[in-house]
Amino acid sequence: MLHGLAQTPKRIPSKYFYDARGSQLFEEICAQPEYYLTRTELAILEENAAAIASAIGPRALLVEYGSGAGIKTRLLLDALDQPVGYVPVEISRSALDASIENLSEEFPEVDMLPVSADFTRPVDLPAPDQAARRTVVFFPGSTLGNFEQREAIGLLRTMAIEMGRQGAALVGIDLQKDPAILEAAYNDAAGVTREFTLNLLTRINRELQADFQLHEFEHGARYNAQAGRIETHVVSRIDQVVAIGAHRFAFAAGEAMLVEYSCKYAPEDFAAMAARAGLRVVRSWSDSRRWFAVQMLERA
Ligand code: AVJ
């Protein structure tokens, strides 16, 4: 956090959004009418569950990066032919516990192997009781879009290693579209996304003994068409100095601190990125408006 705040412009990695309150606010964002991503991806998965399951094949070990609330997981586990295990890799302990609790009752035959970790670093995957035919990494929600290109390729490479030779990955990506639709999705009228963004400051105050005055900061999310991404900032309303422990950081009036990228892809650009990680797109499922896509990747 100190490293990011010392940079110009200031920046904080978006993974820190997800404390218990942040994870809860994210679930609320998903229910907002403007935030089409979750319901579009869910519809794609529902509509194509059988096709996805047959592309994956029997006895898969399902590894999920960022388990969230587990609704998409339930759908996938339900459709899969005799899945042997489920490994959610999740930074938020509360979200991890919640997802496993519900799933283990519903899928008693599936080994539940939660890993409380940051999936941006390589993790040691636990082995299920029954040998898996293949490992499938599930990375839904366009979370890949929260990473800069270089990091995203690095993450895809980590996935390629973790899935092994016979493995596969299912990656949800948000597609490029009318900027007005994109900006509405990250500036919902009810202000839930604003609260989600500012909760980051509340978390820093609590966990790092900081004194951010929440009413002196604003949420700002804009589409950068050149870069193909929504850029979310925390904007200082006034000239002010914030203390974090023994450190002091000056904010100028109007100064924007970067807190999140949400990349929006052209399908061919995503395929090119995957190729740089040694992966190829073998199947792709989308909605009729082409707003979102679920891409299946295998080793090139
Ligand atoms: C699901 C984590 C990818 O970037 O769209 C939602 C997070 N941020 N609204 C996204 C988020 C603001 C979301 N991810």
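Read the numbers this way: they start at 1 and go in the same order the structure lists the ligands and their atoms.
- Residue T143 has no nitrogen or oxygen atom sitting less than 3.5 Å from a nitrogen or oxygen atom of ligand 1, judged on distance alone.
- Annotation: F212 is in aromatic contact with F217 [ring centroid separation under 6.0 Å].
- The aromatic rings of F119 and Y65 lie parallel to each other, with less than 30° between the two planes, well short of the 60° mark.
- Neither the backbone nor the side chain of D174 has a heavy atom within less than 4.0 Å of ligand 1.
- If you check the side chains of Y86 and E64, you find a donor sitting under 3.5 Å from an acceptor.
- In summary, the side chains of T40 and D287 do not present any donor paired with an acceptor at a separation below 3.5 Å, with no hydrogens or angles considered.
- Close contacts of ligand 1 with G141, meaning ligand atoms under 4.0 Å from a residue heavy atom, involve 1 (C), 3 (C), 14 (N).
- Between P114 and I100, the shortest heavy-atom distance links the atoms CB-CG1, 3.8 Å.
- Any N or O atom pair closer than 3.5 Å counts here, and Y186 shares at least one such pair with ligand 1.
- Counting only heavy atoms of the protein, atom 2 (C) of ligand 1 lies nearest to N146 OD1, 3.0 Å.
- The distance between the ring centers of F196 and F17 falls below 6.0 angstrom.
- The two residues T158 and P122 make their nearest non-hydrogen contact at CG2-CA, 4.2 Å.
- Checked against a 3.5 angstrom limit, the closest N/O atoms of Y35 and ligand 1 fall inside it.
- With a 4.0 Å heavy-atom cut-off, ligand 1 is reached by no atom of F17.
- Sparse packing is recorded around CZ of R276, with 12 or fewer heavy atoms of other residues, nucleotides or ligands lying under 6.0 Å away.
- Distance from atom 12 (C) of ligand 1 to its nearest protein heavy atom, with residue and atom name: E260 OE1, 3.4 Å.
- Checking Q240 against S236 by side-chain atom types alone, a donor-acceptor pair falls below 3.5 Å.
- Atom numbering of ligand 1 starts at 1 in the shown order; those under 4.0 Å from a heavy atom of S142 are 3 (C).
- Contact annotation: for Y18 versus ligand 1, heavy atoms closer than 4.0 Å belong to the side chain alone.
- Shortest contact from atom 4 (O) of ligand 1 to any protein heavy atom: S262 OG, 2.6 Å.
- If you number the atoms of ligand 1 from 1 as listed, the ones under 4.0 Å from a heavy atom of F26 come out as 1 (C), 6 (C), 7 (C), 13 (C).
- For the ligand labelled ligand 1, residue G145 lies outside the 4.0 Å heavy-atom shell.
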